[in-house]
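Structure first, commentary second.
None of these values were measured; they are calculated from a predicted model. Lettering of chains follows the sequences in order, A, B, ..., and the numbering in each one begins at 1.
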Protein chains: 2
Amino acid sequence: MREIAIQKLTSSGLKKTEIRIQLLSFLLDKKNAISQPELEKMFKSISDRVTIYRALSAFEEKGIIHKIMDPHGTARYAVCSEGNCSDHQHSDEHIHFHCTSCDETTCLEEMVVPELKIPSKYSVQKINLNIEGVCERCNG
Amino acid sequence: MREIAIQKLTSSGLKKTEIRIQLLSFLLDKKNAISQPELEKMFKSISDRVTIYRALSAFEEKGIIHKIMDPHGTARYAVCSEGNCSDHQHSDEHIHFHCTSCDETTCLEEMVVPELKIPSKYSVQKINLNIEGVCERCNG
DNA sequence: TTAAGTGCAAAATCTTTGCAAATGT
DNA sequence: ACATTTGCAAAGATTTTGCACTTAA
């Protein structure tokens, strides 16, 4: 995933620093949306909290990752699926599943947000669909 | 709304203190989900921040209100529609609309979350559907 | 009277900002 | 060389906790 990370950084015009490469590689490996605190713990040996904040904002601005708020109000980050996102324009219209047992958030990329008949007085920019429940592993 | 507030407090076994009555009346008057900071400003003359936190948690635990996280990760609170919620069991399966212009969050009580075919390996407890866009007033 | 609710002060978190030093292009 | 990125320290903001005082039941 390191190569893909490097490639994404390059095509976004970001510098390929070791920390950013590792951070992005890590996110690319996961199918889950990782919380800021988790990333912080994970990388605290090689980096500092503030650097992670800034890296994540940079990634998000460039449309490399998207941020979702989990039910606790904790920010979580996941790599955008290919070609869906661009600078400041995220069409991450897939569904997120949050497990109340293990507290993990999974992107259900396969599932699509169903058609909604929204009153025409509203103009819609983005739809977030979040399911809470218990995941396969915890149900086991 | 004061009467309804008092009634809800009574039937939840909460004390009918002036602050809680006013706080709950205020939420009952609004069709919108109000943020903690807003409530804080609104009531800062008669109450203190911590009291509001605690009142809101109490209301939420009793199923009087529900909490939703807006796109900024700010907690917002709205009264549950009649009979939908109970202690620790919120079935607020309606849709929330967040306006990116005025930053208000509205409960679209009329709209229902559509049927979703969720892989059976997941057990679903709650579905959150959040739409971001521009509301009628701001579109005007 | 006594359990629940309040206020104030203080801790614990989480997020942002400024600036000098380090790093990639 | 120059623009980004990093780290550290410090400011801001938000949420939680402890405890003595007050209030509703």
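The nucleotide whose nearest atom lies closest to any side-chain atom of B:Tyr53 is, among D:dT15, D:dA24, D:dT4, D:dT15.
Along DNA chain D, the nucleotide nearest to B:Pro37 and the one nearest to B:Lys15 differ in position, and the one closer to the 5' end is contacted by B:Pro37. Toward the 5′ end of DNA chain D lies the nearest nucleotide of B:Gln36, the other residue of the pair B:Thr17 and B:Gln36 mapping further downstream.
Following rounding to the nearest Å, B:Ile6 (CD1) and D:dA24 (P) show an atom-to-atom distance of 12 Å. B:Lys44 has its NZ atom 14 Å from the P atom of D:dA13, to the nearest Å. Atom CG of B:Asp48 and atom C1' of D:dT15 are 13 Å apart (whole Å). Atom pair A:Leu14:CG and D:dT6:C1' shows a separation of 14 Å (rounding to whole Å applied). One atom, CD of A:Gln22, and another, C1' of D:dT5, lie 15 Å apart when rounded to the nearest Å. In this structure, the CG atom of A:Leu9 is 15 Å from the P atom of D:dT4, given to the nearest Å. What separates NE2 of A:His72 from C1' of D:dT16 is a distance of 16 Å, to the nearest Å. When rounded to the nearest whole Å, the span between CD of B:Glu40 and P of D:dT15 equals 8 Å.
Within 4.0 Å of A:Ile46, counting heavy atoms only, lie sugar-phosphate atoms of the nucleic acid but no base atom. The residue B:Lys16 sits close only to the backbone: its heavy atoms come under 4.0 Å of sugar-phosphate atoms, none of a base.
With 3.5 Å as the limit, one finds no donor-acceptor pair spanning the side chains of B:Asp70 and B:His96. Using a 3.5 Å distance cut-off with no hydrogens or angles, the side chains of B:Gln36 and B:Thr74 do not pair a donor with an acceptor. Side-chain contact check for A:Glu38 and A:Ser35: at least one donor-acceptor pair (N or O, by modelled atom type) lies under 3.5 Å. Under the 3.5 Å distance criterion, with hydrogens and angles disregarded, a donor-acceptor pair is assigned to the side chains of B:Arg76 and B:Thr105.
In this structure, the side chain of A:Ser11 engages the main chain of A:Lys8 through a donor-acceptor pair within 3.5 Å. In this structure a side-chain-to-backbone donor-acceptor pair under 3.5 Å is missing from B:Ser47 to B:Phe43. Judged by distance alone, with hydrogens and angles left aside, the side-chain atoms of B:Asn32 form no donor-acceptor pair with the main-chain N or O of B:Ile34 at under 3.5 Å.
Contact annotation: A:Arg20 side-chain N/O to D:dT6 OP1/OP2 distance is under 4.0 Å.
Between A:Phe97 and B:Tyr122, a ring centre-to-centre spacing shorter than 6.0 Å is recorded.
Defining each end axis of the helix from C:dT1-D:dA25 to C:dT25-D:dA1 as the rotation carrying four pairs' C1' atoms onto the next four, with five pairs an end, the two axes are found to diverge by 30° to 10 degrees.
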Polar-atom pairs under 3.5 Å, protein N or O versus N or O of nucleotides 18-20 of chain D: list them with distances, or write none.
unit_1: D:dG18; atom_1: O6; unit_2: B:Arg54; atom_2: NH2; d: 3.3

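In B:Glu18, the CD atom is crowded: over 12 heavy atoms of neighbouring residues, nucleotides or ligands sit closer than 6.0 Å.
A 4.0 Å heavy-atom criterion places the boundary nucleotides of DNA chain C facing chain B at C:dA3 to C:dA9, written 5' to 3'.
In terms of hydrophobic clustering, with Ile, Leu, Val, Met, Phe, Trp and Tyr side chains grouped at heavy-atom distances under 4.5 Å, B:Leu108 and B:Met69 are assigned to different clusters.
From B:Met1, atom CE reaches atom CD1 of B:Ile6 across 13.0 Å, with rounding to the nearest 0.5 Å.
Below 30°, between 30° and 60°, or above 60°: for A:His98 and A:His72 the angle between ring planes is above 60°, a perpendicular geometry.
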